[in-house]
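Worksheet for the structure shown next.
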Amino acid sequence: MIYSERVRITSMVRVRFAPSPTGHLHIGAARTSLFNWLFARHCSGKFILRIEDTDMARSSEKMSKGILEGLKWLGLNWDEGPIFQSERIEIYKKMAEELVRKDHAYYCYCLPEEIQNRKKEAPFGGRDWKYDRFCLKLSEERKRELEKEGRPKAIRFLVPEREIEYRDLIHGSISVETKNIEDFVLLRSDGLPTYHLSVVVDDLDQGITHVIRGDDHISNTPKQILLYKSFESSPPEFAHLALIFGSDKKKLSKRHGVTSVIQFKEDGYFPLAIVNFLSQMSWSPGEEERIYSVEEMVKGFSLDKLSKGSPVFDLAKLEWLNGQLISQMEAEELAPYVTEELRREDLWQEKLDKEMREWFLRLINLLKERSHTIKDFSVRAKPFLTDGLSYDPAGIEKYLKDERLGKLLPKLKEDFLLMEDFTSPHIEQVLRQRAEKEGVKAALFIHALRMLVVGEPVSPGIFEVLELVGKDKTIKRMGKFQNI
RNA sequence: GCCCCUGUCGUCUAGCCUGGUCUAGGACACCGCCCUUUCAAGGCGGCAGCACGGGUUCAAAUCCCGUCGGGGGCGCCA
């Protein structure tokens with residue numbers, strides 16, 4: 001809070017989300033993006049999208065599109081970009097060479113195999129080994145020879161010996177001795193930059209003031225700070241987010257089930273529910289547990305209120321949140337989504353949008369309270385939209401095997417047949433009267449009707465169900481009693 | 001192996017900075033009861049947590065040290 005106030009006065013906040021396009025928009029990446037976005041919007045700053053596609057072998061245009069699609073769906077609109085690193089290759093190269101000129105970096109002619117061999121001879125299988133600066137010590141003459149040979153060369157950063165301390169906005173002070181850091185490669189021998197170089201050059205070029213990213217980058221940060229210094233610039237602020245874990249406390253991955261944002265869309269979740277869910281991992285937007293509007297989240301967001309520990313992904317919580325959202329939405333708002341879902345399940349009829357629009361909205365209202373995802377609507381709406389019922393066997397056993405039904409159901413059917421106003425309160429009145437007259441519990445009729453009309457032992461309140469299904473269909477379905 | 005980060009109910013979190021108001025609050029999940037026509041929703045109640053050990057202090061979930069657990073990094077990947 002204190003910090004963001006200060007920044008607001010001195011300069012505009014600029015943050016970025018910089019995924020590498022090696023997969024779909026992962027739920028963890030979406031959360032990182034969300035926190036960047038919330039921070040930018042809270043500070044009235046800029047949110048920049050950058051695609052880190054310097055690893056050509058693993059990147060593809062298709063994946064980039066998938067990421068953009070996911071961000072758009074979540075509503076995380078960006079102000080600048082997408083900027084593709086693959087289009088800036090020359091710049092990185094130039095910057096690396098400049099560092100060589102300034103003696104902050106040097107050419108390395110070592111072949112990967114050579115390094116492997118030297119590493120292997122070191123203790124612990126080389127796990128502790130750091131680049132031995134072989135090429136730093138090369139004589140000018142030897143260098144000329146190697147150049148003449150046309151040996152490919154990489155550029156390595158010359159790591160100075162010192163202590164690095166920085167103040168992480170989430171973790172507080174973090175300090176490291178650089179003697180634990182090897183002379184890392186900046187520019188690969190194929191002329192492409194490594195992550196450390198491109199990220200620093202870009203963050204500098206794009207005027208990034210706050211780097212908000214996963215805490216798997218904590219160990220990389222000192223290297224990058226060193227780079228900022230050698231570019232004679234001051235580093236941005238850093239905020240390292242705790243990564244989402246699966247239920248086994250390991251970094252969330254495909255093993256844990258659905259992790260693609262778009263998959264959640266297809267499974268019937270709303271962006272607002274997902275955004276609430278993601279932000280409520282590591283952050284509490286308020287006192288109550290509920291769906292917060294985007295405006296509320298933006299208003300209340302603060303980096304220093306984020307917790308340090310890794311949250312575990314809990315699908316049950318997402319379902320609950322999504323269900324909360326659905327039940328507080330108006331039927332009108334829900335209609336387009338339900339329509340899409342019914343189309344997908346081949347249950348849609350054009351008249352639902354025309355002469356039966358009113359009926360359709362009432363159906364949505366009836367179903368929304370017990371739906372956790374949009375998918376639930378197509379399952380539950382089926383008996384209302386089609387006559388092809390399937391009867392739950394356990395339900396048949398439980399509710400349709402009573403001896404008395406054979407004699408009583410036809411009587412109730414007669415009652416219904418005589419009704420002019422087939423609406424919920426009247427249906428209830430008629431049914432209860434019949435039950436009383438016959439000396440049976442109304443529940444006997446109610447349960448049997450539910451089985452006959454819906455096919456399932458569960459449904460919304462039966463009288464409202466019957467009203468929506470309508471008199472004709474109700475009577476027709478009652479007639480099937482003998483055949484079940 | 002080295003370095004770094006992290007640790008409040010099963011899960012998400014409030015509290016920690018600024019010790020006492022914390023016999024640690026809320027929510028999800030689970031269990032029970034109420035409501036009731038089933039389910040859901042709602043209401044009420046229950047289960048369950050400060051990783052451990054030292055220290056500082058009249059007083060520690062809160063401050064300090066250590067231990068243990070979990071995670072990440074140590075690439076010509078990002």
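Below, read A as the first sequence line, B as the second, and so on, with proteins coming before strands; counting in each chain starts at 1. The shown structure was predicted, so the numbers you read here are calculated from the model rather than taken from an experiment.
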Determine the Euclidean distance between corresponding [atom1] atoms of [M] and [N]; express it in Å to zero decimal places.
{"N": "B:U6", "M": "B:C63", "atom1": "P", "value": "13 Å"}
{"N": "B:C4", "M": "B:C44", "atom1": "C1'", "value": "48 Å"}
{"N": "B:A29", "M": "B:C74", "atom1": "C1'", "value": "39 Å"}

Residue [X], side-chain heavy atoms: nucleotide from [options] that is nearest:
{"X": "A:K251", "options": "B:U11, B:G72, B:C5", "result": "B:G72"}
{"X": "A:I446", "options": "B:G73, B:U37, B:C4", "result": "B:U37"}
{"X": "A:W320", "options": "B:A29, B:C77, B:C39", "result": "B:A29"}
{"X": "A:V176", "options": "B:U13, B:A78, B:C3", "result": "B:C3"}
{"X": "A:S282", "options": "B:A78, B:U13, B:G70", "result": "B:U13"}
{"X": "A:H171", "options": "B:G75, B:C5, B:A78", "result": "B:C5"}
{"X": "A:V458", "options": "B:C39, B:C28, B:C3", "result": "B:C39"}
{"X": "A:P112", "options": "B:U13, B:C76, B:C4", "result": "B:C76"}
{"X": "A:D128", "options": "B:G1, B:C76, B:U37", "result": "B:G1"}
{"X": "A:S307", "options": "B:A14, B:C3, B:G42", "result": "B:A14"}

Could you say whether A:E289 or A:L187 is positioned toward the 5' end of RNA chain B, judged by the nucleotide with the nearest heavy atom to each?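 This one resolves to A:E289.
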5' priority, RNA chain B, between A:Q280 and A:I218 [closest heavy atom]: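 Between the two, 5'-proximity favours A:I218.
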Please work out which of the three classes, parallel, tilted or perpendicular, describes the rings of A:F313 and A:F264, given edges at 30° and 60°.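 The arrangement is tilted - the two ring planes meet at 30° to 60°.
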At under 4.0 Å, does any side-chain N or O of [X] touch on OP1 or OP2 of [N]?
{"X": "A:S284", "N": "B:G26", "answer": "no"}
{"X": "A:K308", "N": "B:U6", "answer": "yes"}
{"X": "A:S189", "N": "B:C76", "answer": "no"}

Ring centres under 6.0 angstrom apart (A:Y337, A:F377):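 No: the rings miss the under 6.0 Å criterion.
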According to the Watson-Crick and G-U wobble definitions, with both distances under 3.5 Å, which nucleotide is paired to [N]?
{"N": "B:G1", "value": "B:C74"}
{"N": "B:C63", "value": "B:G55"}
{"N": "B:C30", "value": "B:G46"}

Students often get this wrong, so: under 4.0 angstrom with heavy atoms, is [X] touching a base, only sugar-phosphate, or nothing?
{"X": "A:P19", "answer": "nothing"}
{"X": "A:S247", "answer": "nothing"}
{"X": "A:D168", "answer": "nothing"}
{"X": "A:H240", "answer": "nothing"}
{"X": "A:P285", "answer": "nothing"}
{"X": "A:K250", "answer": "sugar-phosphate"}
{"X": "A:S459", "answer": "base"}
{"X": "A:A316", "answer": "sugar-phosphate"}

What I want to find out is whether A:E438 reaches A:R434 closely enough, with some N-O distance under 4.0 Å, to be called a salt bridge. yes
With a 4.0 Å cut-off on N to O distance, would you call A:K120 and A:E114 a salt bridge?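 Salt bridge absent between A:K120 and A:E114.
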Rounded to whole Å, how long is the line connecting atom CZ of A:F134 with atom C1' of B:C76?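 Taking CZ of A:F134 and C1' of B:C76, I get 17 Å after rounding.
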Determine whether A:R362 and A:E467 satisfy the following criterion, salt bridge (Lys or Arg N to Asp or Glu O under 4.0 Å), listing intermediate values before the conclusion. CA-CA 11 Å; A:R362 283 165 65 199; A:E467 180 182 336; 2.4 Å; yes
